Amino acid sequence: MRTIQNSLFLWRRCILSLLLVGFSISIASAQQKRVTGKVTESSGVPLPGVTVVIKGTSTGALTDMDGIFSISNVNENATLQFSFVGMKSQEISVAGKTSIDVVMEEEAIGIQEVVAVGYGTQKKKEITSSIAVVKSDEFNKGNVNSPVQLIQGKVSGLSISKAGGNPNSGFDIRLRGLSTIGANTGPLVVIDGVIGGSLDNVDPNDVESINVLKDGSAAAIYGTRGSSGVILVTTKQGKKGTSVIDYNGYVSLESIAKHTDVMNATEWRAMKKETGLGTDFGGDTDWFKETTRDAVSQVHNISLSGGADKTTYRASVNYRDIEGVSLTTGFNQLNGRVNITQKALDDKLTLDVNLGATKKEASYGFSDAFKFATIFNPTAPVMSTDPAYAKWDGYFNQTLFDYYNPVQILKMNSSTGEDMMYNLSIKGTYQIMDGLNIDAFYSRQGSNSQRSEYYDKNSFWVGANRNGYAVKRQDGSSSSLFESTIKYIGTVATDANLTVLGGYSYQDFVYEGFRMDGGDFLTDAFQSNNMGAALDYKNGLGTVGSYKNSNKLIAFFGRVNLNVNSIWFLTASARYEGSTRFGDANKWGLFPAIGGGVELASFLNLSFVDNLKVRGNYGLTGNQPSSSYLSLLRLGPRGNFFYNGKFGPAYAPVSNANEDLKWEKKGEIDLGFDFSLMNSKISGSFDFYTRTTSDLVFSYQVPVPPNLYDQAMLNLGEIKSSGLELAVTWNAVQKKDFTYSMTLTPSYNLENTLVSLSGTFNGAELKYGVRDLSNMGSPGQNQAPLIRAEEGKPIGQILAVKFKEIDEKGNFTFEDLSGPKGVPDGTIDSFDRTVVGNGLPKLLLGFGNDFTYKNWDMNLFFRGVFGHDLINSFRAFYEVPNVMGSYNLPKTAKDMRNAKTGVLLNNSSGLYSSLHVESGNFVSLDNASLGYNFKLQQGGPFSKIRVYAAGNNLFYITKYKGVDPNPRYGDSEENNNPLQPGIDRRGTYFRTRSVSFGVNIVF
Amino acid sequence: MKKSFFPIRIILIGFLVAAFNQSCTNLDEELFSEVTPSNFFKTEEEFISALGSAYTQFGGWAAGDPQALQEMTTDEMTAPTRGQDWDDGGNWRRLHLHSWTKEDGVMSGAWNFGFSGVNTANRLIYQFQSLVTSGQVKQEVADAYIAELQTVRGFFYWQLIDMYGNVPLVTDFAKAEATPPTKPRAEVYAFIVKDLEASVPKLSKAIDGTTYGRMNYWAGKTLLAKLYLNAKVYTGTAENDKVIAACDEIINSGKYTLESNFFNNFNVNNSGSKEFIFAIPYDKVFFQGFNLVMQTLSYLNQATYNLTAQPWNGFCSLEEFYNSFEDADLRKGEPGTLAGPSIKRGTFLAGYQYSSAGALLLDDGVETANPGRLPVPFLGDPDGKKYNFGSIGTGQPQINELGPQALRQAGVRIGKWEFQMGGTPDMSNDYGVFRYADVLLMKAEALWRKANNAAEPAALTLVNQIRTRAGVSALTTLDGKLSFDMTGPVVPGGELFNEMGRELAFEKSKRQAMIRWGVYTDVTKWVLPYNNVGDVVKTDAYRVLFPVHKDKLAANPNLTQNPGY
């Protein structure tokens, strides 16, 4: 409580002090005649919403619905500036005129574009760093449930992937490979200025554009959190002079595109004849069919937007009712968003208010059901009337290790959740004088999520014999952000424009929550809604826990942009930022960046070159650990202690403290060029980057003794990556009735190297050397490491013994590569493991095709990922005929034979080797859509009616035998540790495809 | 007009700067659900809770990595690879076949077990001393705690020199080197003994709730006896007289006696045992970690004891060890038969298994014969669906092979500690680390070794005290064939070795005994009946010590690897 009050008080003081400085600078103005006129497009259509400003002042007006404007108090010698997005700006002197009609001309695409760069916008031509812009008309269409899905494949170097079609799981986002091996491997998300905004609180329908700050120089203005890149999301705003009601809705059908091919009952029986193993229960069950469905989802979005002279607004309501293909999975979500902009004080003060809120109710199902559907005996029935199964409510089960009826798992147990999220922000911008603005921004966002699980008294799985078992968990977070900036735009010389920005930022975060679990209920009726009814608590067996922690980030930042003659561009920025999460001496870090660019078109003087800007930059960004207090020696309850005949709590340090903990730093050089040729027929950009991250924040093995624990969070080592990126758009055909354009966004990763993970801690020299990480797991393969992390070698090396053949006795044989003495020794052991692949992709490719024909439009978007390997753990465990005593087999198990004699593989259990490491290369048709825009009469009730059909993940072309060839950027069974990519675990949700039908109506 | 604003602006900017200098740039961390030393150690309860952290370190003793190293590497316990289960990269087989490597995680885990105990004790000794310096605690009060912590430290160091031999010697928390070097085993032994000889006399002699589960005087003496008993191994010099003296002090105190029923030491409610000199008070709620029930029982046994979790079907014992118990031995137990479940508890669970309702347990996933399997045809499970630990009565060995195709039901299981009906994975049975019976046997061994006489009467009396309780006839000689090598020669003290094995089965003394008798590396004698093609059995003499895990070597360049690794 004290903290909240403190922080509120602090806010007030910080905000007040900055605002007062702004208001204390006063201004004055003069008065003259009145000018009116009409603004039209080149076709003669009136153009509403054009900004008309008296040059050198902020006085002006907007054109109305008929393109008419009127400004009073205009000086006789004044000049009016006319500007409109996508049109060339014009300046016209008012001398001797009271009426001015203007025809606006369309601007060459792209180059005058204004791009959000973080703390403001910049003209695209002035940008010296690598920034990708994706606007709403380029977004992926169809069954899209997350804003990042809108740009999947669209941005060169940005990988957005998800294995399997789980509607409740998020996307793995990686920019330019790996920039850290600790926390925050995904880019920082900034939503309408809110740093660290939650994408879950933004409906894809409300997104106007998504910009990606790719290099270190662009991201450095976000300092400490910019190391993995920055994604800027801008939501839609109302436009002046309009009043629009927009409805979007679609229905989608989703079905399984791929599951592991396992034997059906007939194939299984044939196999049983050969192996003599397994029990035939006489049935014929397709366990996939029993656990899944064709999912039907619907999405509706309605928005109202518009604006008058001083006010613009947009409000929207989004509803999603999403089903997953697995029984009992899905969510429904209601989201609302209101954006209002109000001008006041002679338009010198602009206030922006944004509000967003989301409520999501989800049912998660159980991913284990996929695993067991795949391995369950196909001759076993789902239900049995045999009284022996009555204790499991009639569900058929066998008592084997880790083997449970998947239908029972889904139908008898539940896992649900409720998320509430909100965000509110208010921003005031005050124009102190021409070219000098000050603003103050406050936002608060919060989330509260609740998870409930209940395992039925008679279910034979988690909680078996617990007599009913319930889990309840609640996690809340809240964050306040206060920022203030002052910005000056002016000229330093005739040909040189200068923009200067300075600012202060304060952000705090609080996380708290609790978890409890308990069993032994009298009745299943309560589910997890009456935890007190669990007798476990009376018997001391239930557990409860709660936590609360907080952290703060405080920063001062500045940026200077210089534009000389629109040919030479220079940008320099710095952020000085402090975080509570570091040792006392290391809380603050400085993150500078500098970049320059030259527009060569004016020198080249080639008619087909519109623009050719060469640019280069360097930027330093940071990263902080994912948890607080690591620099402090903390004590907490660690078990109990028998004292004087009863148990009391024992308190001990919770970790090794590291008082020297400091920022992880990433330096990045980016060299590139932007080009536009033949009147923008071909345009694009190319980048080369090389980045080095040092002082990696990493949990590291430290000596015991003297340290209490063998792990500590340290700053050690270095990783390096570099790559090439290209983005090209070719407007191939631009006829009146037919257009075709294609976009190609390949990115190639040249290196991803673990340069070093060694260093010192408290005087101890720590050498990392070679470490073997991850393991295949139960049953039976707990000590089979999968990934090798090695200094000086690429990240993501997949480790295995090399498969040779199945010998004539039916045993796996492997290559004897080495031994304890460094030479082959006749035995296959850990020395014979070698690197057989890499889990990280080399080449990412996006290939978009847009067609329009009269009122039709069509889009085909392909995505390819190449160069990564995947460990197919399903095969490693079950492609072994002898395990059919317990489990169903993949169809391929019957081909596991000696090549000459046909003797069947005789190993009794799974034995991971290079045989199970496969290339994950694939090309997919990620997104395809076909739309029709109805021709509407002018003046009718509708201004737009569009119907469309869209498909998502329609097909994959791949040789990968598993369910989903998308890269796995971390080990899902080990906290997604980024040093351990490439492992396709058995719990993967089946891959799905979906088709949607939608309509968009604008009133 | 404008000018008049100027001073105000300056004031405002001044205010702004002042604000930034204070809270707008404050980055101190605020804690909510944890404490730091600055706001702890304020009350007596807080001191005691800190002391308690020295004892929570014992949690890993019963069923953790020390168990794997002290028992799995001997003739009393193994974990066969049961088809798909328990291969784990060959880790368990390697332990039993003595072909472990410095990469095996257990080598790191047991090291951490030992040094967490040492470091915690060092830290607390330092903290108590600082509290005396700062005047928060009186010297006399602190001394008692410090002596107790030194004894705790001695226990963990004993385990470290026992397993690894040569280890770093860190005795001062504040002055510890960043990368302490390895010290010779004898040097560490000398430190521990000296430290204990000074600290044990300061410990409480009470045997009641104030010392239960803690290091009292008698526990300290037993620890010293253990060190002396193995001194020949640790230093090259036998200390039989010191063993006898330490054991005599305990025996002559009259404070301990053998329980009339052997299993009183192993029941769920065993905390009153008159035999416990030092026990770990495991509890399913308060002191978790004793999960033998999960390690040894079959999946199917979930129904026998109505357990809340499915056991793992892993650890079991070996046929020769089982057979080294006479049927009349009250400690052995009774196998379940087709006529019904066993009614007599024992060190082993054998024979047919039943549900709590009395129904014979059937295994639907039964392994059927596979004669095509080469080079050894797989004979399948002779009992079919009927679940029978050890296949007794069918002529089959109790473990058909160590792997990879051990039968799911293979091996008699460990039933020494009572399994609670409706139990959880964590057992509530206390674990007697030092037991009076062990003291009697230690003294017997020291007397025998000192006299070098197979019929040493004092030694025989002590051993026969144990045997009488077990319901078996008295011994007349301590020599005999070793239980795992009944076709081999008569060995000096062989019967004593066997009796220690029977009495102290699964209580982590077997490896030490095997090393004292010099038979630990005769591994082929107890694994040959089971090992399979491709298994590597190592008989190297250096394997009496375990290797330092490679990660430990990487973290501390001053560590020296044990010879041979």
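Quick caveat: nothing in here was measured; it's all calculated off a predicted structure. In the text below, chain A, chain B and the rest are named by the order of the sequence lines, each starting its count at 1. These numbers come from the heavy atoms of this one structure, side chains and all, not from hydrogens, waters or symmetry mates.
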For the backbone of B:A555 and the side chain of A:Q701, can you confirm whether one donor and one acceptor N or O come within less than 3.5 Å of each other? no

With no hydrogens and no angle check, is any side-chain donor or acceptor of A:K552 less than 3.5 Å from a backbone partner on B:N26? yes

Run the side chain to side chain contact (heavy atoms under 4.5 Å, CB included) check on A:Y643 and B:R214 step by step: do they pass? CA-CA 8 Å; A:Y643 182 78; B:R214 289 169 65 181; 3.1 Å; yes

Give, as side chain, backbone, both or neither, the part of [X] having an atom under 4.5 angstrom from any heavy atom of chain B.
X: A:L904; value: neither
X: A:L632; value: side chain
X: A:F647; value: side chain
X: A:T760; value: neither
X: A:V654; value: side chain
X: A:S830; value: side chain
X: A:Y511; value: neither
X: A:V704; value: both
X: A:N707; value: backbone
X: A:N539; value: backbone

Non-hydrogen atoms of chain A under 4.5 Å away: do they reach the side chain of [X], the backbone, both or neither?
X: B:E46; answer: neither
X: B:W92; answer: neither
X: B:D172; answer: neither
X: B:F286; answer: both
X: B:T424; answer: side chain
X: B:E34; answer: both

Can you list the steps and then say if A:I554 with B:L27 is a side chain to side chain contact (heavy atoms under 4.5 Å, CB included)? CA-CA 8 Å; A:I554 294 175; B:L27 289 173; 3.9 Å; yes

Counting heavy-atom pairs under 4.5 Å with chain A, which one of [options] comes out on top?
options: B:L559, B:I48, B:V167; result: B:I48
options: B:L124, B:D426, B:D208, B:L307; result: B:L307
options: B:L51, B:T101, B:T179, B:V285; result: B:V285
options: B:A176, B:A554, B:G213; result: B:A554
options: B:V170, B:L361, B:D551; result: B:D551

[X] side, atom [atom1]; [Y] side, atom [atom2] - distance, nearest 0.5 Å:
X: B:S116; Y: A:Y709; atom1: OG; atom2: OH; value: 7.5 Å
X: B:E29; Y: A:N551; atom1: CD; atom2: CG; value: 8.0 Å
X: B:L362; Y: A:Q398; atom1: CG; atom2: CD; value: 12.0 Å
X: A:Q781; Y: B:N91; atom1: CD; atom2: CG; value: 13.5 Å

Where [X] and [Y] come nearest, the two heavy atoms and their spacing:
X: B:N119; Y: A:P705; answer: OD1-CB, 3.6 Å
X: B:G52; Y: A:A650; answer: C-CB, 3.5 Å
X: A:G763; Y: B:A178; answer: C-CB, 3.6 Å
X: A:L635; Y: B:F40; answer: CD1-CD2, 3.4 Å
X: B:D28; Y: A:T580; answer: O-CG2, 3.8 Å

Tell me, do A:F460 and B:Q302 make a side-chain contact under 4.5 Å, heavy atoms counted? yes

Do A:E512 and B:S33 make a side-chain contact, defined as non-hydrogen atoms from C-beta onward lying under 4.5 Å apart? no

Ring centres under 6.0 angstrom apart (A:F642, B:Y212): yes

Once side chain to side chain donor-acceptor pair (under 3.5 Å) is applied, do any residues pair with B:N556, and if so which ones, sequence neighbours excluded? none

With distance as the sole criterion, is a donor-acceptor pair present between the side chains of B:N112 and A:D710 under 3.5 Å? yes

Checking side-chain polar atoms at under 3.5 Å, does A:Y404 have a donor or acceptor matched by the opposite partner on B:Q310? yes

If you look only at pairs with a residue in residues 762-772 of chain A, which of them pass as a side chain to side chain donor-acceptor pair (under 3.5 Å), with sequence neighbours excluded? A:D772-A:R788

Go through A:G826, A:A784, A:P703 and name the one with the most non-hydrogen pairs under 4.5 angstrom from chain B. A:P703

Working for side chain to side chain contact (heavy atoms under 4.5 Å, CB included), residues A:S550 and B:F32: CA-CA 8 Å; A:S550 71; B:F32 303 93; 3.4 Å; yes

Check the pair A:R634, B:V35 against side chain to side chain contact (heavy atoms under 4.5 Å, CB included), reporting the backbone distance first and the verdict last. CA-CA 6 Å; A:R634 291 162 290 153; B:V35 291; over 6 Å; no

